[in-house]
Amino acid sequence: MTTKYEFSQIDKKWQDIWDEKEAFKAVDFSPKPKYYTLVEFPYPSGEGLHIGHPRPYTAMDIVSRKKRMQGYNVLFPMGWDAFGLPTENYAIKTHTAPQIVTERNIAHFKKQIKSLGLSFDWSREVNTTDPDYYRWTQWIFLQLYKRGLAYKTTMPVNWCTSCKCVLANEEVVAGVCERCGGEVVRKVKSQWMLMITAYAQRLIDDLADLDFIPRVKIQEINWIGRSEGAEIDFSADTGDKITVYTTRPDTIFGATYMVMSPEHELIEKWKNEGLLKNADEISEYQAQAARKSDFERTELDADKEKTGVRLDGVTGINPGNGADIPIFISDYVLSTYGTGAIMAVPAHDDRDWAFAKKFGLPIVEVVAGGNIEEAAYTDVEDGLMVNSGFLTGKNVADAKLAITEFLEEHGVGRAKVNYKLRDWVFSRQRYWGEPIPMIYCEKCGWVSVPESELPVKLPELEHYAPTEDGESPLSQLDWVNTTCPQCGGKAKRETDTMPNWAGSSWYFLRYCDPKNSDALADKEKLDYWMPVDWYNGGMEHVTLHLLYSRFWAKFLYDEGILSCIEPYLKRTAHGMILGANGEKMSKSRGNVINPDDIVGQYGADTLRLYEMFIGDFEKSAPWNPDGVKGCKRFLDRTAGMSAMIKGRGASSRKIESGLHKVIKKVTEDIDQMKFNTAVAAMMSLQNDIYEQGHLTKDEFETFITILNPFAPHLTEQLWEECGNQSILSISPWPEYDEEKAADESVTYAVQVNGKLRGTISVPAETSKEDALAAAKADEKVAGYLEGKTLVKEIFVPGRMISFVVK
RNA sequence: GCGGGAGUGGCGGAAUUGGUAGACGCGCACGUUUGAGGGGCGUGUGGAUACAUCCAUACGGGUUCGAUUCCCGUCUCCCGCACCA
């Protein structure tokens, strides 16, 4: 009999039995209610599993196991997000094909993940680098192209000088490449783009009904960055129209100058027409701005001064008051937002104020309430319009409406909503990604690869390194030469590949029907399984993967492929596991914990339990080697309980009531991600059982049943040793019985004038009157009541009694 | 700067329609078992103390019979975004 958690003898045994019996297989169209739990599939890096991986995996495994035991048909799948730069860089360095490296990494990851006893349905495993998988990634791209949502354009892009590759906005973090930390510069290139901006409003609106944790919703909304304002057409004395975007049209009478981004197209026009007297100075400034990386350009440095050059020879006209105003170019105006030009209102915008101060431009107050000598007054709640013609006297909100109406009437402006979200740069000049299934024909332009010819397979290569000029290594191959599907003439293939976010944008759909060769998944299976009921992942993916995949799902809904408008009903996020010193784990800090070592030394259940007990699941927590030992001790003591079994039924009122309370607590805590307090409750009950010294077989079996999702290996073993033939992991979850949970007696805290003066213990069903009488009779309490006038009695059933005396 | 979150023992952390602050674990101390160590089992463990009490949840106020919880103000830390007009 097992009296300790002998992990080396039981972990593998039960993993094999679960495999053999297909205990965790998700059944298509089962009459049971379905439940789809999802964790972010990992990128199988060469470093192997990180100690952070098991935290979300175990958490969602616990949710899945509990749901299964509660009678749900659970889909809990796993796969590999295997395209990506680290693999390719490793391949370049070691001259090994990325295909081989990937295969090896996946095998290693899978072995590690399997050692944790997670209840994945491995029969649904997917791999984004499998041609049978990426065939459908390419297919979705073609559908986007067909609808005009994929397009190729030449534009300035973020270019990682180290990866020699284009990055999406979302991949540039603090001015450097989020993957390698390399310097990012601007480079003009022809790129495939996905029009995610077409879905900006829906991506905001549809969050409303979803059960996402608030910080995820807020971060997505902020990233999309909706703002309401107006476009206003200013004119120039050249006869040209300069449209600006502003959120403060109410301040138009305070617009004392204009600023255009250095890239604004009118500047070239005016240069060509010879209108600019200081054309050389302007060109020099433009060249300077172009050299700066986006990071330098947007860096907010306390010492950083605004720069700019006045367009000498051109004057703007304020359509509000008809005033002539100067026009500048400055790099504080971005070409990629709004119209690339602004009306500057220095009295009421911090940036315009700083610029005006530096260049000695007039600052005209149009909203009263601030001190514009000191700083711009940007408050929109208080303050009335002044110096503003027909707007004078109105408040800001009314003035906005009035001026917008005025502009619309006169045809020089209109209400306008803008978003910070940009279209998704979808091309990568690298080898290890899905080829973009497009062909360029001199005669026909860009032509789709016919769907019947998908997948466009990645050809095998000798050299994987990108070329110095920033082209994909695929461009060096004869593979690029093909024929135009439309006219049959000579044509060339697109050599860029997709970003690694492509395959992960729809993988949760493939799990519903992973082997389908006629469609990305069968419609009926999608309708059965989708949407995902609970998706847990990292905060770092909120503005990347989460947003991208919501976009693709919405598109597929529009195409009639999906029946749900949102892919995930519930989204939660786990905290990081830090090193023992409280810092982020990293090789350079020397504080890395390897999950294999923990599993080898303490067993899978110990690692699982500790990762759940370590702290609040949503927050980061430092690793504590002694904390792991505490969890092993609890598991050993759980096994030790089997030697304390006597009889059946209930051993005592106390344990029976405690057990039912813990059933309730564990059941609820799992649903609320409060795994740490669920474990604490079981530990506490175990202490009570040890104190009593014995328990019944029924109690023991119930105890190991609720512990099973956390520590499946040990509890299966103990269940078997109790003489059960069944698999515990798929046995019914215990029912909570309120009557049995009820206590025999209740302890009341007794306060006098708000201070705790005693406690009394009375039978649970004691009436208010009897309880109050008992409280007054308490020796200590009586001492405080004596000689005083009782003003008030407060009775909170089951909790406390409070007397107010004078 | 904007947005979000958090400040509780030596440490990780519990406790919310306001109701016994510090559950549970670690660490530490003592006892016990053992040839010793380790391990197990048990007891104790916020601070001060005149041992009746008093103080204590970042800081300062407020509401209340009662505040970690609600309100006002201040400070600190973490995360995200960042010249988005």
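Reminder, nothing fancy here: chain letters follow the sequence lines and each chain counts from 1.
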- prompt: Can a side chain N or O of A/Arg633 be found less than 4.0 Å away from OP1 or OP2 on B/G40?
  reply: yes
query = Just checking A/Lys416: base, sugar-phosphate only, or nothing, at a heavy-atom cut-off of under 4.0 Å?
reply = nothing
A/Lys629 (side chain) and B/C26 (base): donor-acceptor pair under 3.5 Å: no
In terms of heavy-atom contacts, A/Pro362 and A/Pro346 come closest through O-CG, 3.5 Å
Check your understanding: How is A/Arg757 classified with respect to the nucleic acid when contacts are heavy atoms under 4.0 Å: base, sugar-phosphate, or nothing?
Key -> sugar-phosphate
Which of B/C54, B/G12, B/U20 is nearest the side chain of A/Thr759? It is B/U20
Less than 4.0 Å between a side-chain N and a carboxylate O, is that true for A/Arg757 and A/Asp778? no
For this session: Would you indicate whether A/Glu265, at its atom CD, is surrounded by more than 12 heavy atoms from other residues, nucleotides or ligands within a distance under 6.0 Å?
Result: no
Given Watson-Crick and G-U pairs under 3.5 Å, RNA chain B in dot-bracket ([ ] crossing, | other strand) is (((((((..(((......[....)))(((((((.....)))))))(((....)))..(((((..]....))))))))))))....
message: I'd like the P distance from B/U76 over to B/A58, given in whole Å.
response: 16 Å
Checking A/Gln686, A/Lys4, A/Arg633 against A/Thr638 for side-chain hydrogen bond (donor to acceptor under 3.5 Å, both in side chains), the one that qualifies is A/Gln686
Kindly confirm or rule out a cation-pi arrangement of A/Lys306 over A/Tyr332, judged by NZ or CZ under 6.0 Å from the six-membered ring centre and within 45° of its axis?
yes
Quiz item: Hey, does A/Asn418 reach any base, or is it just sugar-phosphate, or nothing, if we go heavy atoms under 4.0 Å?
Solution: nothing
Quiz item: Base, sugar-phosphate, or nothing: which does A/Ile342 touch, judged by heavy atoms less than 4.0 Å apart?
Solution: base
So, is A/Tyr337 near the phosphate of B/A85, with a side-chain N or O under 4.0 Å from OP1 or OP2?
yes
Does atom NZ of A/Lys357 have more than 12 heavy-atom neighbours, drawn from other residues, nucleotides or ligands, at distances under 6.0 Å?
-> yes
How about A/Lys358: does its NZ atom have over 12 heavy atoms from other parts shown lying under 6.0 Å from it?
yes
Check your understanding: Parallel, tilted or perpendicular for A/Phe675 and A/Phe617, by the 30°/60° rule?
Key -> perpendicular
Taking the P atom in each of B/U16 and B/G22, what is the distance between them to the nearest angstrom? 13 Å
Requested in this report: Between B/A52 and B/U8, how far apart are the P atoms? Round to whole Å, please.
Outcome: 33 Å
When the C1' atoms of B/C51 and B/G40 are considered, how many whole Å apart are they?
-> 36 Å
Would A/Arg310 count as a cation-pi partner of A/Phe359, with NZ or CZ less than 6.0 Å from the six-membered ring centre and within 45° of the ring normal?
no
Let's test your reading of the model: under 3.5 Å, does the base of B/G19 pair with the side chain of A/Gln751 as donor and acceptor?
yes
Rounded to whole Å, CD of A/Gln672 lies from P of B/A15 at a distance of 10 Å
Distances for protein N or O near nucleotides 5-10 of chain B N or O, under 3.5 Å:
none

When we call it a touch if two heavy atoms are under 4.0 Å apart, what does A/Tyr784 touch: a base, just sugar-phosphate, or nothing?
sugar-phosphate
Looking only at B/C81, B/A85, B/C54, the nucleotide nearest the A/Lys755 side chain is B/C54
Please determine if A/Arg571 and A/Glu40 form a salt bridge, counting it only when a charged side-chain N lies under 4.0 Å from a carboxylate O.
yes
Ignoring hydrogens and angles, tell me if any N or O in the side chain of A/Asp605 forms a donor-acceptor pair with the backbone of A/Leu714 under 3.5 Å. yes
So what does A/Asp616 touch, heavy atoms closer than 4.0 Å: a base, only the sugar-phosphate, or nothing? sugar-phosphate
Are the charged groups of A/Glu220 and A/Arg550 less than 4.0 angstrom apart, N to O?
yes
How is A/Asn676 classified with respect to the nucleic acid when contacts are heavy atoms under 4.0 Å: base, sugar-phosphate, or nothing? sugar-phosphate
Side-chain ion pair, A/Asp626 and A/Lys629, N-O less than 4.0 Å:
yes
With rounding to the closest Å, how many angstrom separate the P atoms on B/C77 and B/U17?
32 Å
A/Phe675 CZ to B/G12 C1', in whole Å, measures 18 Å
A/Ser227 has its side chain closest, among B/A85, B/C81, B/C83, to B/A85
*Considering only atom C1', compute the distance from B/U20 to B/G31 and round it to an integer number of Å.*
30 Å
The nucleotide from B/G80, B/U20, B/C24 with an atom nearest the side chain of A/Arg799 is B/U20
Taken to the nearest whole Å, NZ/A/Lys306 to P/B/C83 is 10 Å
Taking B/C65, B/C24, B/A85 as options, the one with an atom nearest any side-chain atom of A/Met683 is B/C24
Exercise for review: Describe the nucleic acid contact of A/Gly630 in one word from base, sugar-phosphate, nothing, applying a heavy-atom distance below 4.0 Å.
Suggested key: sugar-phosphate
B/A15, OP1 or OP2 - any side-chain N/O from A/Lys674 closer than 4.0 Å? yes
A/Lys420 NZ to B/G3 P, in whole Å, measures 11 Å
Of A/Thr336 and A/Gly627, the one whose closest nucleotide on RNA chain B sits nearer the 5' end is A/Gly627
Side-chain atoms of A/Lys780 come closest, of B/U53, B/A14, B/G12, to B/U53
Considering only heavy side-chain atoms of A/Ala680, the closest of B/C24, B/G27, B/A85 is B/C24
Of B/A14, B/C24, B/C65, the nucleotide closest to the side chain of A/Ser802 is B/C65
Whole-Å distance, A/Tyr690 OH to B/G42 P, equals 8 Å
Exercise for the section: Give a yes/no on whether any side-chain N or O of A/Asn222 is located under 4.0 angstrom from OP1 or OP2 of B/A82. Expected result: no
- Select base, sugar-phosphate, or nothing to describe what A/Ser620 touches, counting heavy atoms under 4.0 Å on all strands. sugar-phosphate
Taking for A/Ser684 and for A/Gly754 the nucleotide of RNA chain B with the nearest heavy atom, the one nearer the 5' end belongs to A/Ser684
Within 6.0 angstrom of A/Arg799 CZ, more than 12 heavy atoms from elsewhere: no
- Can you tell me how far C1' in B/C11 sits from the matching atom in B/U45, rounded to whole Å? 14 Å
Rounded to whole Å, the CD1-P distance (A/Ile224 to B/G3) equals 18 Å
Exercise. How far, in whole Å, is B/G3 from B/U64 if one measures between their C1' atoms?
Worked result: 33 Å
Picking from B/A85, B/A14, B/G27, the nucleotide nearest the side-chain atoms of A/Asp626 would be B/G27
Glycosidic torsion of B/G9 (syn if within 90° of 0, anti otherwise) classifies it as syn
Considering only heavy side-chain atoms of A/Leu334, the closest of B/A15, B/G19, B/A85 is B/A85
